[in-house]
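See structure below.
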Amino acid sequence: MDNGIVLFAFRHAISRKGMVLASVTNYICDHIEELPNDLLEEIACEVNMAYDDMKATNIPGYLAAKRLVTAIKRELYNEEEE
């Protein structure tokens with residue numbers, strides 16, 4: 001898997017929000033164990049920036065973004081959301 005392509009797809013999806021983000025989120029969640037930690041950290045950081053540290057619940061694609069951040073935290077830090 002080309003990690004650069006995953007990052008480019010994610011960046012495109014985060015700018016488009018909505019269904020595009022949901023599709024990329026599904027792909028990342030399905031392959032999360034294969035992705036390097038630094039890529040997952042970069043994605044989580046960019047999601048948090050795009051959704052104002054996950055406080056902007058009214059932006060389209062919020063639920064997909066929340067799911068993605070939750071999956072990354074679970075993978076990297078073994079954290080569960082409160």
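Reckoned from all heavy atoms, side chains included, excluding hydrogens, waters and symmetry mates.
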Could you please spell out the steps behind the side-chain contact (heavy atoms from CB on, under 4.5 Å) verdict for Met54 and Val47?
-> CA-CA 8 Å; Met54 299 311 292; Val47 170; 3.7 Å; yes
Report the C-alpha separation of Thr70 and Arg74 in whole Å, then their side-chain angles, then the decisive distance to 0.1 Å, and conclude whether the side-chain contact (heavy atoms from CB on, under 4.5 Å) test is met.
-> CA-CA 6 Å; Thr70 300; Arg74 188 177 302 129; 3.3 Å; yes
Do Thr57 and Lys66 pass the side-chain contact (heavy atoms from CB on, under 4.5 Å) test, and can you show the C-alpha distance, the side-chain angles, and the key distance before you say yes or no?
-> CA-CA 9 Å; Thr57 60; Lys66 183 72 171 174; over 6 Å; no
Please tabulate, for the side chains in residues 1-14, all donor-acceptor contacts under 3.5 angstrom to protein atoms that are two or more places apart in sequence or on a different chain.
unit_1, atom_1, unit_2, atom_2, d
Asp2, OD1, Gly4, N, 2.9
Arg11, NE, Glu46, OE1, 3.2
Arg11, NE, Glu46, OE2, 3.0
Arg11, NH2, Glu42, OE2, 3.3
Arg11, NH2, Glu46, OE2, 2.8

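Figure legend: Lys17 and Tyr51 shown as a cation-pi pair, the cationic atom lying under 6.0 angstrom from the six-membered ring centre and within 45 degrees of its axis.
Residues Leu63 and Ile28 share a hydrophobic cluster, clusters being chains of Ile/Leu/Val/Met/Phe/Trp/Tyr side chains in contact below 4.5 Å.
Applying the ring pair (Phe, Tyr, Trp, His ring centres under 6.0 Å) test to Tyr27 and every residue at least two apart in sequence or in another chain returns His31.
Remark: Leu76 CG to Leu40 CG distance equals 5.0 Å, nearest 0.5 Å. Distance CD/Glu41 to CD1/Ile72: 9.5 Å, rounded to 0.5 Å. Annotation: the span from Asn48 atom CG to Ile43 atom CD1 amounts to 12.0 Å, rounded to 0.5 Å. Taken to the nearest 0.5 Å, the CG atom of Asn37 stands 8.0 Å off from the OH atom of Tyr77.
Here the closest non-hydrogen pair linking Cys29 and Ala71 is SG-CB, 3.7 Å.
Considering only heavy atoms from C-beta on, Arg67 comes within 4.5 Å of Asn26 through its side chain.
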